[in-house]
K.L.:
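A single structure is presented below for examination.
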Amino acid sequence: MAKEIITGSEALMRALVAEGVNTIFGYPGGAIMPVFDALYDYTQGENAPLRHILVRHEQGATHAAQGYARVSGEVGVCLVTSGPGATNTLTGVADAMMDSTPIVVICGQVSTAALGTDAFQEVDLVGVAQPISKWSYQIRRPEDIAWAVSRAFYIARSGRPGPVVLDFPKNAQTHTCEWQEQRVTSVRSYVPYPDPSPEAIAEAARLINEAKRPLALVGQGVELGNAHNELIEMIERADIPVGRTLLGLSALSSRHRLNKGMLGMHGQYAVNMKTQEADVIIAIGMRFSDRVTGLPSTYAQQARIIHLDIDRSEIDKCIKTDVAVIGDCKVTMPAITRLLNKANHRQWIDSFNEYAQMELEQVINPAIHPTDGPLLMGEVVNAVAEATGGEAVLVTDVGQNQMFASRYFHYNRKRSIVTSGGLGTMGFGLPAAIGATFGAPDRTICMFCGDGGFQMCIQELGTIMEQQAPVKMILLNNNYLGNVRQWQDMFWDGRRSFTKMVNPQYKLIAQAYGIAYDVVLTREELAEKVERMLNTEGPYLLECAIKEEDNVFPMTPPGKSVNEMQLTMLDN
């Protein structure tokens, strides 16, 4: 039977559909125009297999793809042109690499005959993207499209997920080939799911069984491995208290009795202090970021360290490990649990309470239940958290808004936090929230941002307007680059060098985009206006006038040990 002859652009559409793609975030341009022409036919009609979301900037496309991937568990896809279109995606690619987010970025490129001639909008994308992506490849022939796309999705979603960049020269888009679907299920020398060592499993279980003061540190790897139930079975059997990383906050319900809060620089006081008292630490799907460890040389020196991770390169990279359990945590945790004795560490768990009570009295209650003065970030977050009952998805930008939101939001369901962790990308929140509305259309998406980050990708309000993406935007406006201002006050003698913001009238901006808007000026009107926002269909911008010198605490100062956390500015 004669095989079908199609263009490379048509082959790309078929390959994407074969991978289960249904949503693409993109922006057209000259070098990708043949693909967009083919895409048109795949987006028309009630039963069209694909939908294309036109963003307003290519960086927005990558962050939207990240938000989509993080809440759905699927691979996010974005499609852009060559040159500046491609380079505009690189911040999102680097962000996805740091946070293990599976996205595939497809970029147009000049024809192969023009490569290396400095042709209009030519850039060596493969060379630029290679260090910040999981795989970067140029598709030079239409015959290679089916294979390259399948390989890209296999690499992006398998093992430790991450971003893949495909560079697509124009001649490969327009030339023809015989269509034949291909499925890549393995790559030579790439072992995404290592077989765990039985000896390591046994040794990890032995250390946990012998522990008097065990502590589990849970990261996003539990979410990525869909190992939520396996985590609960292990910690409940061994009665292990849990600290969660920023990206791992929804890996365990906020209400679980063993949950002791967030780790790290602005995490819970008790779990950070108790890190320095634990005799065995079980790190699960986390990478010992500097924001978690504080000064590495003083971190948990008294503890035996068990590290469960799918990526061998994370072992001993930051903190020396006593037992390394390499493999998928959905496999390794049950293997360890089968060897665990039923334990009771009530006295150890109760010992967290003293520190927790100190934080409650000195930090939490003043932050979420102030009695006078200007509005605070913590009380705004708490009001939204209470109103949504732990069922919403939290999306944040980066800065004080990120830390306040992460600390005081509630997480009852998995995949409930979308934030830029490793790269700390201001401007991430708005487009990521758009992507989240498409990845989890049945859930409420609450996006917190500061006035600085909001303006970095403010053009994506146009995407929200066009799509009527139901993002609930909570703008914490303190007229400062708040996180930098806090550091300047604490560590730079209060020299506030260029952190004061002169802001636009956000009400008029919201009106220009046809987005519902309100402003909260006093705490007496906060609860009512939060309810109004949540009960309004479609997108909503709620601007909150925040105290200019609101600070996020506790805080482990840079270069200090995790048990040197400050509860207040006065500790400085």
Side-chain angles (χ1 to χ4, degrees), residues 3-21 24-39 42 50 52 58 61-62 65 75-83 85-87 89-90 93 102-117 119 121-158 162-188 190:
K3 293 184 178 179
E4 192 176 4
I5 304 298
I6 61 174
T7 66
S9 295
E10 172 70 17
L12 177 63
M13 295 300 104
R14 295 189 184 188
L16 292 174
V17 171
E19 291 296 331
V21 174
I24 298 172
F25 303 92
Y27 202 95
I32 199 66
M33 205 172 293
V35 170
F36 269 87
D37 184 70
L39 175 63
Y42 279 76
L50 296 174
H52 177 265
E58 292 89 355
T62 53
V75 178
V77 180
C78 52
L79 182 65
V80 302
T81 193
S82 65
T87 57
T89 69
L90 293 175
V93 172
I103 63 172
V104 171
V105 180
I106 304 167
C107 303
Q109 181 60 279
V110 301
S111 295
T112 54
L115 289 172
T117 68
Q121 293 192 333
E122 178 194 0
V123 70
D124 179 11
L125 182 62
V126 171
V128 173
Q130 200 164 24
I132 57 171
S133 63
K134 202 173 173 188
W135 185 49
S136 179
Y137 182 75
Q138 187 174 81
I139 309 174
R140 294 192 169 204
R141 306 185 312 151
E143 294 87 351
D144 297 332
I145 292 170
W147 166 83
V149 170
S150 182
R151 194 178 197 265
F153 276 79
Y154 172 71
I155 291 173
R157 65 164 61 104
S158 62
V164 170
V165 175
L166 292 178
D167 194 33
F168 200 8
K170 199 167 184 179
N171 59 291
Q173 302 171 39
T174 57
H175 290 181
T176 59
C177 63
E178 293 182 346
W179 169 250
Q180 184 175 354
E181 183 179 331
Q182 294 192 40
R183 306 297 296 172
V184 173
T185 57
S186 65
V187 175
R188 185 164 58 97
Y190 171 55

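All residue numbers in this chain count up from 1 along the given sequence.
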K.L.:
Could you pull out all residues at least two apart from T174 that satisfy side chain to side chain donor-acceptor pair (under 3.5 Å)?
P.N.:
none
K.L.:
From I139 CD1 over to L12 CG, what is the distance, rounded to the nearest 0.5 angstrom?
P.N.:
7.0 Å
K.L.:
Among residues two or more places apart or on two chains, list those pairs meeting salt bridge (charged side-chain N to carboxylate O under 4.0 Å, His left out) that have a residue in residues 133-148.
P.N.:
R141-D144
K.L.:
What pairs with I132 under side chain to side chain contact (heavy atoms under 4.5 Å, CB included), at least two apart in sequence or on another chain?
P.N.:
L90, V93, A94
K.L.:
Which residues pass the side chain to side chain contact (heavy atoms under 4.5 Å, CB included) test with Q180, sequence neighbours left out?
P.N.:
K3
K.L.:
Flag the pair F36 / H52 as yes when their ring centroid distance falls below 6.0 Å, and as no otherwise.
P.N.:
yes
K.L.:
Does any pair with a residue in residues 167-186 pass salt bridge (charged side-chain N to carboxylate O under 4.0 Å, His left out), and if so which ones, sequence neighbours excluded?
P.N.:
E19-R183
K.L.:
What residues form a side chain to side chain contact (heavy atoms under 4.5 Å, CB included) with A114, not counting sequence neighbours?
P.N.:
V110, T117, A119
K.L.:
Could you list the residues that satisfy ring-ring contact (aromatic ring centres under 6.0 Å, His included) with Y137, not counting sequence neighbours?
P.N.:
W135, W147
K.L.:
Side chains of P169 and Q138: closer than 4.5 Å at any heavy-atom pair?
P.N.:
yes
K.L.:
Do L16 and I24 come close enough that some side-chain heavy atom pair is under 4.5 Å?
P.N.:
yes
K.L.:
Tell me every residue that passes side chain to side chain donor-acceptor pair (under 3.5 Å) with E10, counting only those two or more places apart in sequence or in another chain.
P.N.:
R14, Y42
K.L.:
Mind checking side chain to side chain contact (heavy atoms under 4.5 Å, CB included) for V187 and listing every partner two or more places apart, or none if nothing turns up?
P.N.:
R151, Y154, I155, V184, Y190
